[in-house]
2 protein chains.
Amino acid sequence: MTQAQALVRQPATSRSREISARCSACSMHQICLPMGLEEKDMDRLDQIIGRRRKIARDSHLYRVGDPFTNLYAIRLGHFKTHQVNPSGDQQVTGFQMAGELLGMDAISTERHHCDAIALEDSEVCEIPFSRLEGLFGEMPQLLHHFHRMMSQEITREQSVMLLLGNMRAEQRFAAFLTNLSSRYSIRGYSSTSFQLRMTREEIGNYLGLTIESISRLLSKFKKRGWIKVSNRDLELLEPVTLKAVAAGTQTCA
Amino acid sequence: MTQAQALVRQPATSRSREISARCSACSMHQICLPMGLEEKDMDRLDQIIGRRRKIARDSHLYRVGDPFTNLYAIRLGHFKTHQVNPSGDQQVTGFQMAGELLGMDAISTERHHCDAIALEDSEVCEIPFSRLEGLFGEMPQLLHHFHRMMSQEITREQSVMLLLGNMRAEQRFAAFLTNLSSRYSIRGYSSTSFQLRMTREEIGNYLGLTIESISRLLSKFKKRGWIKVSNRDLELLEPVTLKAVAAGTQTCA
DNA sequence: CGCGCCCTTGACTGAGTTCAACGGACGTGG
DNA sequence: CCACGTCCGTTGAACTCAGTCAAGGGCGCG
C-alpha cells in the first residue's frame, strides 16, 4: 500500500482536515496555545478546534460588538487590532503574528472590544472558548499556559503604555523596530531583515505619531546608517544602536 | 455565656482571623474574585487565602523583579502600579481600588513587571496563585470569573492606549475623572464627589502629561464651572459635560 | 496611459513642555 | 506658639517637538 492510498483510505473526518492543520504538525506549536503539551493532550486540543479559516488581506476576523464565541490562534500571516472611540478616531492597539492569540479582550463582556483585520492573506485556528474552558478542568498544563498568554498580553500592553506615555518619537520607533525584530527571531526568521506588513499610517497610529513623523524617522535612521529601507523591506544595520535608542540610553541628535 | 466569652472560646485558628476578613463578609465580594460564588465555594476560596496584609501608605506591595507567588485582592485603600524603563523614567500604568486584583501581569514570567505602591494605608488579601490554580479544576465558575477579570484588565489597558495615543490633554483628563467617577459609583460611593488619592504628578504621569498641565486643566475645568476643587477634594458639577469631553463630542475651547 | 494609493519632504503652527518663581498646607522642633 | 523646611500645587513666559498643511514623487494595477 502506497502512502497516497493510505491517505485516501482515512475516514472522511480526517481527510477533510489537512494533516498540517493539526497542532502537533503546526510549526507554531512551541509558541502557541499547545506549548508544552504531550502528544495525547495536544490531540484533545485538536479535537475541539473548530476550523482553520483563511482570512483575506484587509478583511475582518471580527469587529467591535461581535458576540464572543472563539479565540483565534494565528497560523499564518499578520493582523492588526484597533479600537474606535466614540468620536470615531481609531487607535491601533497591536500587530499580531503567527503563534499569537486573538480575542482575549472579549472574554469579560462576551463582546469583542476591537476590530481585528488581516494585514495580508492569513490563516487562523478557531478555538471555541466554552469548549476550551471545558478542557481546562482536565488539563492544568493547558490552563497554566493559557494564563501565561493572557498575562503576557497584559505585560505587552503595559510596555506600550510606557512607550506612549514617556517616550519621544525616535525612541518609540526604535522600540517598535526592536520589538518586531525579536518577535521574528523567536519564530526562526531573520531578526535583522524583514518586511513591514503594515502601512506607515498604521505604524504611526500605533505609536501615537503621524504618518509624516514615521516617514521622517525612517529617513533619519537611514541617513544615520542604522537601517536600510526600500518600501516595506527593512534591514536593521545597527540593531544594538537601535536597542540603545529604544532604551533611552542613546539619542539620535 | 456572653458574646465576649464566646469569641474567646473560639479555636486559635479562627480567632487569628477577623470574621470580617472572610470573603462572604467582605463588602467587595460582589465585585472581587469570589463574585457569583455560592456560600460553599466561597468558603473553599477563603481557605486558600493566605493572609490579610496591611500596607502602609507609600510602601511597596511588590517590586519589579520580585518572584511571583501571590495575586492580591484589594480589601481597602488605593494603589498605583508603575513601570520603569531602562533609562529610569517611570510610567504609572494604573490606579487600583478596593475589589480589584493586583499582580496578574506577573503570571507569564513568574516575576513582577511593575511596582505596586499603596497611595494610602491599605489592606489586601494574599491569594497564593498555585493554590488558586488548584481550585480552578473543581470550581469552573471561579475560573470563568478569573478569566473575566484578566480580560477586563486587557480591555482597561487598551482604553488607556487609546487615551495616550489619540486624545488631547483635556480629553485625557476628562476621561480620567469620568473613569474614577464610574468606579466609585460601582462601589456604592458618590460618583460626583470624591478625593483624589494620588498627587497631580502621578495623574500627569499616568496620562502622559506634566504636573503643570494637570494643574492648568484643573484650573480650566474649575473656571468653566465643570468641577469644584480644593486640594485633593473634588466635586464633578457637570458630569455629563465631562463625559462628552472625554468622548470627544465636546471641547473646552 | 492614467488613476489611486502610499509615501516623502518642506514650511509653518501650536499644544504641551520646560523653566522659573511663588504660595500654601503640614509637620517638626525650638 | 511660632519659625522653618519640605512637599505639593499654581501660574506665567519662552521654547520645542511633533502636528498640520501642502505639494510632489513613485509604484502598481486596471
Side-chain angles (χ1 to χ4, degrees), chain A residues 56-58 80 89-92 117 119-121 163-177 195-224 227-234 245 248 251-253, chain B residues 56-58 80 89-92 117 119-121 163-177 195-224 227-234 245 248 251-253:
Chain A
R57 177 178 176 167
D58 291 332
K80 69 169 176 183
D89 30 48
Q90 300 183 346
Q91 170 71 29
V92 173
I117 296 160
L119 294 175
E120 59 187 324
D121 290 352
L163 181 148
L164 291 173
N166 268 317
M167 297 186 186
R168 321 228 118 267
E170 67 173 47
Q171 204 179 346
R172 295 185 196 191
F173 190 57
F176 172 71
L177 296 179
Q195 266 208 339
L196 297 171
R197 317 295 165 131
M198 61 297 282
T199 65
R200 309 284 195 264
E201 183 158 25
E202 287 162 338
I203 298 172
N205 185 304
Y206 177 61
L207 298 177
L209 300 170
T210 58
I211 180 173
E212 292 94 334
S213 292
I214 300 301
S215 191
R216 283 187 246 271
L217 285 165
L218 276 165
S219 302
K220 202 189 211 174
F221 283 17
K222 188 159 70 175
K223 200 180 290 174
R224 295 272 182 292
I227 60 173
K228 230 172 94 183
V229 212
S230 162
N231 301 323
R232 304 266 180 110
D233 294 317
L234 195 72
V245 172
T251 60
C252 195
Chain B
R57 178 177 175 169
D58 291 332
K80 68 169 176 183
D89 31 48
Q90 301 183 347
Q91 170 71 29
V92 173
I117 295 160
L119 295 175
E120 60 187 324
D121 291 350
L163 181 147
L164 291 173
N166 268 317
M167 297 187 187
R168 320 227 119 269
E170 66 174 47
Q171 205 179 345
R172 295 185 195 193
F173 190 57
F176 172 71
L177 296 180
Q195 266 208 340
L196 298 171
R197 317 295 166 131
M198 62 296 282
T199 65
R200 308 285 196 263
E201 183 158 26
E202 286 162 340
I203 297 172
N205 185 304
Y206 177 60
L207 298 178
L209 300 169
T210 57
I211 179 173
E212 291 94 334
S213 292
I214 299 302
S215 190
R216 284 187 245 270
L217 285 164
L218 276 165
S219 302
K220 203 188 212 173
F221 284 16
K222 189 159 71 176
K223 200 180 288 173
R224 295 271 183 293
I227 60 173
K228 230 173 95 182
V229 211
S230 163
N231 301 321
R232 305 265 180 109
D233 294 317
L234 194 72
V245 171
T251 60
C252 193

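The chains referred to below are lettered A, B, ... by the order of the sequence lines, with proteins before strands, and numbering in each begins at 1.
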When the distance from CZ of Arg232(B) to P of dT10(D) is rounded to whole Å, what number comes out?
10 Å

Validation row: Leu217(A), Leu209(A) side chains within 4.5 angstrom (heavy atoms)
yes

Do Leu119(A) and Arg57(A) have side chains that get closer than 4.5 Å, going by heavy atoms?
no

If you look at every strand shown and take non-hydrogen atoms under 4.0 Å, does Ile214(A) touch a base, only sugar-phosphate, or nothing?
nothing

Select one nucleotide: of dC6(C), dA18(D), dT10(D), the one nearest the side-chain heavy atoms of Ile211(B).
dT10(D)

Do any N or O atoms of the protein come closer than 3.5 Å to N or O atoms of nucleotides 19-28 of chain C, and which pairs are they?
unit_1: dC19(C); atom_1: N4; unit_2: Glu212(B); atom_2: OE2; d: 3.2

When the C1' atoms of the five terminal pairs at each end define the local axes, what inter-axis angle does the helix from dC1(C)-dG30(D) to dG30(C)-dC1(D) show, to 10 degrees?
30°

Spell out, as yes or no, whether a donor-acceptor pair under 3.5 Å connects the side chain of Arg232(A) to the backbone of Gln195(A).
no

Arg172(B) near the nucleic acid: base, sugar-phosphate alone, or nothing, with a heavy-atom cut-off under 4.0 Å?
nothing

Strictly distance-based, threshold 3.5 Å: is any side-chain N or O of Arg197(A) a donor or acceptor partner for the main-chain N or O of Glu120(A)?
no

Check whether any side-chain heavy atom of Met198(B) lies under 4.5 Å from a side-chain heavy atom of Lys80(B), and answer yes or no.
no

Ser219(B) side-chain proximity, nearest of dA18(D), dT11(D), dC7(C):
dT11(D)

Which of dC6(C), dT17(C), dA18(D) is nearest the side chain of Thr210(B)? It is dT17(C)

Do Val92(A) and Ile203(A) have side-chain heavy atoms sitting under 4.5 Å apart?
no

Per Arg168(A) side chain, nearest of listed nucleotides dC17(D), dC7(C), dC8(D):
dC17(D)

Side chain of Thr199(A): nearest nucleotide among dC7(C), dG19(D), dG16(C)?
dC7(C)

Under a 3.5 Å distance rule, please check whether Thr199(A) uses its side chain to pair with a backbone N or O of Glu202(A) as donor and acceptor.
yes

Rounded off to whole Å, could you give me the CZ-to-C1' distance for the Arg57(A) and dC29(D) pair?
13 Å

Sugar-phosphate only, base, or nothing, as touched by Gly208(A) at under 4.0 Å among non-hydrogen atoms:
sugar-phosphate

Nucleotide of dG9(D), dG16(C), dG19(D) approaching Ser215(B) most closely (side-chain heavy atoms):
dG9(D)

Rounded to the nearest angstrom, tell me the gap between atom CG in Leu217(A) and atom P in dT9(C).
12 Å

In sequence, state the C-alpha distance, the side-chain angles, and the governing distance for Leu177(A) and Phe221(A), and then conclude on side-chain contact (heavy atoms from CB on, under 4.5 Å).
CA-CA 11 Å; Leu177(A) 296 179; Phe221(A) 283 17; 4.2 Å; yes

Spacing between Leu218(A) atom CG and dC6(C) atom C1', to the nearest angstrom:
13 Å

Rounded to the nearest Å, what distance is computed from the CG atom of residue Asn205(B) to the C1' atom of nucleotide dT17(C)?
14 Å

Does Arg200(B) place a side-chain N or O at less than 4.0 Å from the phosphate oxygens OP1/OP2 of dC8(D)?
no

How many Å lie between NZ on Lys220(A) and C1' on dA18(D), as a whole number?
10 Å

Roughly, in whole Å, what's the span from CD in Glu170(A) to P in dT16(D)?
16 Å

Separation of Ile203(A) atom CD1 from dC6(C) atom P, in whole Å?
13 Å

